[in-house]
Peer 1: 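Can you read through this structure? Questions will come right after.
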Amino acid sequence: MAFEELVKRGEYVWEVPQDAALRMRVPGRIFLSEVLMKYLERGAIQQVANVATLPGIQKWSLAMPDVHTGYGFPIGGVAAFDVSEGILSPGGVGFDINCGTRLLVTTLFKEEIEPRINELTTALFEAIPSGLGSKGQLRLSEKELDGVFLDGAKWAVNRGYGNPADLKHCESNGCLDGADPTKVSPLAKKRGKPQLGSLGSGNHFLETQCVDRVFDKKAADLFGLKEQQVCIMLHSGSRGAGHQICTDYLKMFQAASRKYSIELPDKQLACVPADSQEARDYFSAMAAAANYAWTNRQVMSYWVRDVLEQQFNTTATLVYDVAHNIAKLEKHTIDGGRKEVYVHRKGATRAFDKDDSYGIEQPVLIPGSMGTASYVLHGTKKAMSTTFGSTCHGAGRILSRKAARRSLTWRGVTEGLQRKHIVIKTDDLSSVPEEAPEAYKPIDEVIDVVSKLGISEAVARLTPMGVIKG
DNA sequence: ATGTAC
């Protein structure tokens, strides 16, 4: 599968034709502008085609404009599988189960924060543990950890880490049904237990941002966002627990794929029938990891609020919290009928046209790369009919971590941030070149494509003031 | 992404 085979189906819509020789069951669709086409990897096209061969796939194997090559499924990939004829695949969710984004809005405005951004960033850095292997401040018992897996963000709110209103503003209210801690391995529990309330590493971040532009005043007002207002954005996931759960089930599914005679063009696509015991077990463990991630972001929000209270005698309101690595049981209209499907979103964000948190379309949060803008959007009807209610998840990597380290320096990147008056704090200096804006696609272009496609609509643009890098 | 390896 190569570039020459892509067929233009519309502005920003490129089809990967259904190739019988490859046993594709549906065509692929990749959403790109001419600018983003330059970054498209051959491997990502192949992965879109590979996913199209999996049993029970509906309509299309999709890739968002921030697509890049991942483990089995592309990052930026969306695929829906029939609940009875289809499959579940850990590679379609990703290692960092429920990696996601949360936005809090403060009562402060840019000019109030500007003179104190250094001390605020330092205080946040000291309050929220970050980096590889970082541990949280909580000491959980086995039983409490099971509670986190079962109840998600509600577990934290019940213990005073936030308020009940927070839950209303989380995707799925911060808890996925069907979680079962007995389906989580002892090793995954051991890794997860000390880490609750920690940021992690890599592209995870905590940023102090300000609203740079409002595009949709009605939605922005409802979400509580005004120009120049200061926000805190968190990008984090399920830490070692989710990673271990993914590893455990991938290993199990390698053998199970053979048992169920599922032919795979790539071993990394290991999967099992959606109605099998193995699939039920994976879904229960994945939901537990998803709930851990929501609890993790909820607990970190508590420490953010604690810092705001101490430093500015104020607090912050939760705007929304989205998952962008998850499989969910959803009903969609497919070929005129309503159908239950497992939607795999791997580096893709839910963008429903309805949501009960504000009574309008669902808020969508898209983090940019370090030093660049982030966006608040909302979902659309068009997303419901063309992408199973999904949109992009971020800028999307273009340089590998290694390539970024080779071509960029800590000093150069930090100076670039300084020129934009952005303060940065990190324990891991190697993360600075790896997460530099130059290592990612231009976020404004990605947002432009999803907006022009109509699969989400921009509400506000946020620009960073202080960055904590994991 | 990740106690950066089966």
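All chains are named by letter (A, B, ...) in the order of the sequence lines, taking the proteins before the strands, and each is independently numbered beginning at 1.
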Peer 1: Using whole Å, report how far CG of A:Asp428 lies from P of B:dT4.
Peer 2: 13 Å
Peer 1: By the 4.0 Å heavy-atom rule, please label A:Gly237 as base, sugar-phosphate, or nothing.
Peer 2: nothing
Peer 1: For a quick check under 3.5 Å, do A:Asp355 and A:Ser357 share a side-chain donor-acceptor pair by atom type?
Peer 2: yes
Peer 1: Any ion pair linking A:Lys190 and A:Glu142 (charged N to carboxylate O, less than 4.0 Å)?
Peer 2: no
Peer 1: Using whole Å, what does the distance between atom P of nucleotide B:dT2 and atom NZ of A:Lys135 come to?
Peer 2: 15 Å
Peer 1: Tell me whether A:Glu278 is salt-bridged to A:Lys259, with the criterion being a basic N under 4.0 Å from an acidic carboxylate O.
Peer 2: yes
Peer 1: May I have the distance from A:Asp248 (atom CG) to B:dT2 (atom P), rounded to whole angstrom?
Peer 2: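 In whole Å, B:dT2 P and A:Asp248 CG are 16 Å from each other.
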Peer 1: Expressed as a whole number of angstroms, how long is the span from A:Phe95:CZ to B:dT4:C1'?
Peer 2: 12 Å
Peer 1: Describe the nucleic acid contact of A:Gln195 in one word from base, sugar-phosphate, nothing, applying a heavy-atom distance below 4.0 Å.
Peer 2: sugar-phosphate
Peer 1: Atom CD of A:Glu435 and atom C1' of B:dT2: how far apart are they, to the nearest Å?
Peer 2: 14 Å
Peer 1: Between A:His243 (NE2) and B:dA5 (P), how many Å, whole number?
Peer 2: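 Those two atoms, NE2 and P, are 10 Å apart.
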Peer 1: To the nearest Å, give me how far apart OH (A:Tyr71) and P (B:dT4) are.
Peer 2: 17 Å
Peer 1: According to a strict under-4.0 Å criterion, is A:Thr247 in side-chain N/O contact with OP1 or OP2 of B:dT2?
Peer 2: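 Checking A:Thr247 against B:dT2: no side-chain N or O falls below 4.0 Å of OP1 or OP2.
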Peer 1: Please compare A:Leu132 and A:Arg401 by the position of their nearest nucleotide in DNA chain B and report the one closer to 5'.
Peer 2: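 The residue mapped nearer the 5' terminus is A:Arg401.
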Peer 1: Decide if the gap between the ring center of A:His243 and the ring center of A:Phe95 is smaller than 6.0 angstrom.
Peer 2: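 Between A:His243 and A:Phe95, the centre distance is under 6.0 Å.
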Peer 1: A:Leu187 has an atom CG; how far is it from atom P of B:dC6, in whole Å?
Peer 2: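 Between P of B:dC6 and CG of A:Leu187: 13 Å.
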